[in-house]
Amino acid sequence: MNKDLAISDLTARFGAKLSLASADREQHGADESSHAVMMPDAVLHAGTTEEVADAVRICARHRMPVIPFGAGTSLEGHVTAPHGGLTIDLSLMNRVLAVNEADLDVRVQAGVTRQALNTHLRDKGLFFPVDPGADCTLGGMVGTRASGTNAVRYGTMREQLLSLQVVTATGEIIETGNRARKSAAGYDLTHLFAGSEGTLGVVTEMSLRVYGRPEKLMAGVCHFPNLDAATSAVIATIQMGLPVARIELLDELSVKAVNTYSGLEHKEAPTLFLEFHGSAAAVDAEVSAFSELASEMGGSDIEFAERQEDINKLWHARHQLYYATRAMAPGKHIMTTDVCVPISRLGDCMRETRFDMDESPIVGTMVGHVGDGNFHTILLADPNNLGEMRALDDLHDRMVTRAIEMGGTCTGEHGIGLGKMKYLEQEKGPALHLMRQIKAALDPIGIMNPGKLLPGMDSEP
């Protein structure tokens with residue numbers, strides 16, 4: 001690798017669009033995770049797919065790493081640059097290119113954020129359902145195969161993808177699919193690149209499914225005496241086939257943190273936040289059925305809201321949990337991690353994880369997108385206290401190992417990045433060898449986001 005020659009060629013091609021400023025490089029060497037800042041050698045603020053392709057071709061010629069960057073909201077060090085290289089910032093590629101209302105699909109550039117897309121769609125009576133919480137770019141959401149609060153009803157990012165425009169590791173521009181709702185034509189390249197975390201290519205555009213806005217929405221809260229009762233209510237709700245759009249579980253400490261941070265007065269007990277979408281008659285019936293079921297499971301103080309401002313307030317409080325937890329111990333190191341298990345094992349996994357947290361010196365909150373068996377912990381430790389940092393690592397290891405042993409996964413949403421690589425082999429076994437072969441075939445010189453996702457392939461290009 002010759003970084004000096006690469007930067008010289010990149011400067012000649014892009015001029016002021018290429019930044020060598022240390023502040024810009026530092027900003028692009030970190031995400032919202034606890035992983036250390038690792039700066040790239042340069043940052044390109046790309047405006048077109050052709051510019052991305054030209055940059056990748058230059059980097060390939062000089063064997064320089066390429067790291068795609070959207071909004072920097074990832075949580076496993078995906079955008080850090082452990083080997084330096086060029087970060088390609090796609091945030092200027094933020095146009096909604098087409099809205100096909102009759103077919104319920106859109107074409108967008110990778111730098112469009114999910115909130116910007118929904119603002120654009122609002123007047124057309126449409127919406128995009130995947131909601132990870134942060135205002136991520138859609139390209140980043142493809143990279144990590146993101147999910148979120150609506151996944152139980154609408155699915156994850158994977159279910160919304162029709163086609164991707166990708167710049168490959170050689171700088172070739174390809175389209176992985178088309179706008180048809182299904183296809184049996186060849187390998188499924190669209191879903192191969194989804195979740196690849198920038199290690200196979202750079203996604204620059206995508207075609208996505210969108211949905212008609214429901215006639216009626218109702219959101220509510222319900223408190224439970226303990227985690228077992230709350231998770232039992234979730235499992236019963238799913239098994240009954242109630243079409244809940246969102247169903248989130250906050251443990252007691254999470255509710256306390258949110259109350260303090262957002263000035264709310266929720267009862268400090270395990271609490272379900274949930275939402276129903278549909279026709280007025282259907283939603284009323286579903287709310288009634290859930291309320292009856294929850295009462296039988298020990299649920300109390302069940303309240304639902306229909307006014308949009310009340311619904312927004314309820315979910316805004318839920319989305320502030322990360323910041324509310326951090327505010328519990330300012331200055332402490334924060335780790336947020338997630339696992340996903342079969343729905344029948346959710347109660348066991350959450351209960352045992354909460355027990356481990358209570359027995360450790362670590363302060364932590366727990367929240368679940370529990371309708372699909374996914375939950376997160378947000379853990380705080382003193383970086384200057386070796387005992388606490390070891391306890392933090394032990395908690396994380398026990399949580400992930402437990403989920404895998406229960407037939408689950410080391411990450412339901414966050415992705416692998418740097419932080420979960422050591423668990424991928426434990427989960428995937430011999431299949432990891434095939435993943436390495438795919439990586440080697442599509443990126444033979446190893447320039448695409450090296451040091452991420454696949455253990456054993458993290459050497460410098």
Side-chain angles (χ1 to χ4, degrees), residues 31-35 70-79 113-115 128-161 191 193-199 203 208 234 238 245-251 254 273 315 318-323 325 334-343 345-346 349-350 353 364-379 396 399-400 402-404 406-421 423-424 427-428 452-453:
D31 56 14
E32 290 194 359
S33 72
S34 57
H35 295 285
T73 58
S74 56
L75 293 167
E76 291 293 353
H78 298 88
V79 299
T113 66
R114 64 174 187 85
Q115 289 184 8
F128 180 73
V130 183
D131 176 9
D135 192 20
C136 336
T137 63
L138 293 164
M141 291 169 65
V142 171
T144 58
R145 203 161 54 232
S147 183
T149 58
N150 281 320
V152 64
R153 172 73 177 266
Y154 298 97
T156 70
M157 198 68 183
R158 178 185 63 192
E159 285 73 42
Q160 317 313 323
L161 295 177
H191 293 98
F193 283 99
S196 63
E197 302 182 11
T199 63
V203 175
L208 302 168
V234 172
I238 301 304
R246 315 189 198 195
I247 185 163
E248 301 278 292
L249 172 59
L250 273 65
D251 71 352
S254 298
F273 291 69
W315 286 113
R318 152 65 187 93
H319 285 323
Q320 295 303 301
L321 179 60
Y322 175 87
Y323 306 102
T325 304
I334 186 165
M335 172 193 283
T336 177
T337 188
D338 81 311
V339 295
C340 190
V341 295
I343 189 73
R345 301 306 307 274
L346 176 67
C349 199
M350 291 191 74
T353 299
T365 56
M366 188 158 55
V367 59
H369 307 315
V370 286
D372 47 18
N374 180 212
F375 71 94
H376 306 247
T377 56
I378 306 172
L379 306 171
H396 182 218
M399 173 180 169
V400 173
R402 177 183 298 117
I404 293 172
M406 288 182 173
T409 177
C410 64
T411 175
E413 291 186 347
H414 293 182
I416 299 297
L418 291 169
K420 291 283 181 74
M421 284 199 297
Y423 299 111
L424 195 62
E427 178 178 330
K428 297 299 183 183
K452 318 291 175 52
L453 186 63

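In this chain, numbering begins with 1 at the start of the sequence shown. Every heavy atom of this structure was used, including side-chain atoms; hydrogens, water molecules and symmetry mates were not.
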Q: In sequence, state the C-alpha distance, the side-chain angles, and the governing distance for E32 and T336, and then conclude on side-chain contact (heavy atoms from CB on, under 4.5 Å).
A: CA-CA 9 Å; E32 290 194 359; T336 177; over 6 Å; no
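- Between the CG atom of L346 and the SG atom of C340 there is a distance of 8.5 Å, given to the nearest 0.5 Å.
- A distance of 6.0 Å separates CG in N150 from CG in D131, rounded to the nearest 0.5 Å.
- The two residues S147 and D372 have their closest heavy-atom pair at OG-OD2, 4.2 Å.
- Of the inter-residue distances, the one linking L418 atom CG with H35 atom NE2 reads 5.5 Å to the nearest 0.5 angstrom.
- Separation of atoms CG (L250) and OG1 (T365) is listed at 8.0 Å; rounding is to 0.5 Å.
- Partners of R153 under the side chain to side chain contact (heavy atoms under 4.5 Å, CB included) rule, at least two apart in sequence or in another chain, are P243, A245, H277.
- Heavy-atom minimum distance, A71 versus D135: CB-O, 4.1 Å.
- With 3.5 Å as the limit, one finds no donor-acceptor pair spanning the side chains of T156 and R145.
- Checking side-chain atoms of Q160 against main-chain N and O of F128 turns up no donor-acceptor pair under 3.5 Å.
- Between C410 and I416 the shortest heavy-atom distance is SG-CD1, 3.8 Å.
- The side chain to side chain contact (heavy atoms under 4.5 Å, CB included) test with V367 singles out one residue from T325, D251, L321, D338, and that residue is L321.
- By the 4.5 Å heavy-atom criterion applied to side chains, H78 and L453 are not counted as neighbours.
- Although no hydrogens or angles enter the test, the distance criterion places no donor-acceptor pair under 3.5 Å between the side chain of E197 and the main chain of K452.
- The salt bridge (Lys or Arg N to Asp or Glu O under 4.0 Å) analysis of residues 407-417, with sequence neighbours excluded, yields no pairs.
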Q | Verdict with reasoning, L161 to H191, per side-chain contact (heavy atoms from CB on, under 4.5 Å) | A | CA-CA 8 Å; L161 295 177; H191 293 98; 4.2 Å; yes
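- Paired with V152 under the rule side chain to side chain contact (heavy atoms under 4.5 Å, CB included), one option of V234, I238, V370 passes, and it is I238.
- Taking each heavy atom of T137 and G70 in turn, the nearest pair found is OG1-CA, 3.5 Å.
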Q: Show the numbers, then the answer: is there a side-chain contact (heavy atoms from CB on, under 4.5 Å) between K420 and H414?
A: CA-CA 9 Å; K420 291 283 181 74; H414 293 182; 5.5 Å; no
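- Of all non-hydrogen atoms in R402 and C349, the two that sit nearest each other are CD-SG, 4.0 Å.
- Listed for the T353 side chain is no donor-acceptor partner under 3.5 Å among the backbone atoms of M350.
- Between the side chain of R345 and the backbone N or O of G373, no donor-acceptor pair lies under 3.5 Å.
- Between atom CZ of residue F273 and atom CD1 of residue I247 there is a gap of 12.0 Å, rounded to the nearest 0.5 Å.
- Rounded to the nearest 0.5 Å, atoms CE (M366) and OG (S254) are 7.5 Å apart.
- Below 30°, between 30° and 60°, or above 60°: for H396 and Y423 the angle between ring planes is above 60°, a perpendicular geometry.
- Using the six-membered ring where Trp is involved, H376 and H369 have ring planes that are perpendicular, over 60° apart on the 30 and 60° scheme.
- Contact detail for L208 and M157: the closest heavy-atom pair is CD2-CE, 3.9 Å.
- Scored by the side chain to side chain contact (heavy atoms under 4.5 Å, CB included) test, I334 finds Y322, R326, I378, L380 as partners (sequence neighbours excluded).
- At least one donor-acceptor pair closer than 3.5 Å links the side chain of N374 to the backbone N or O of V339.
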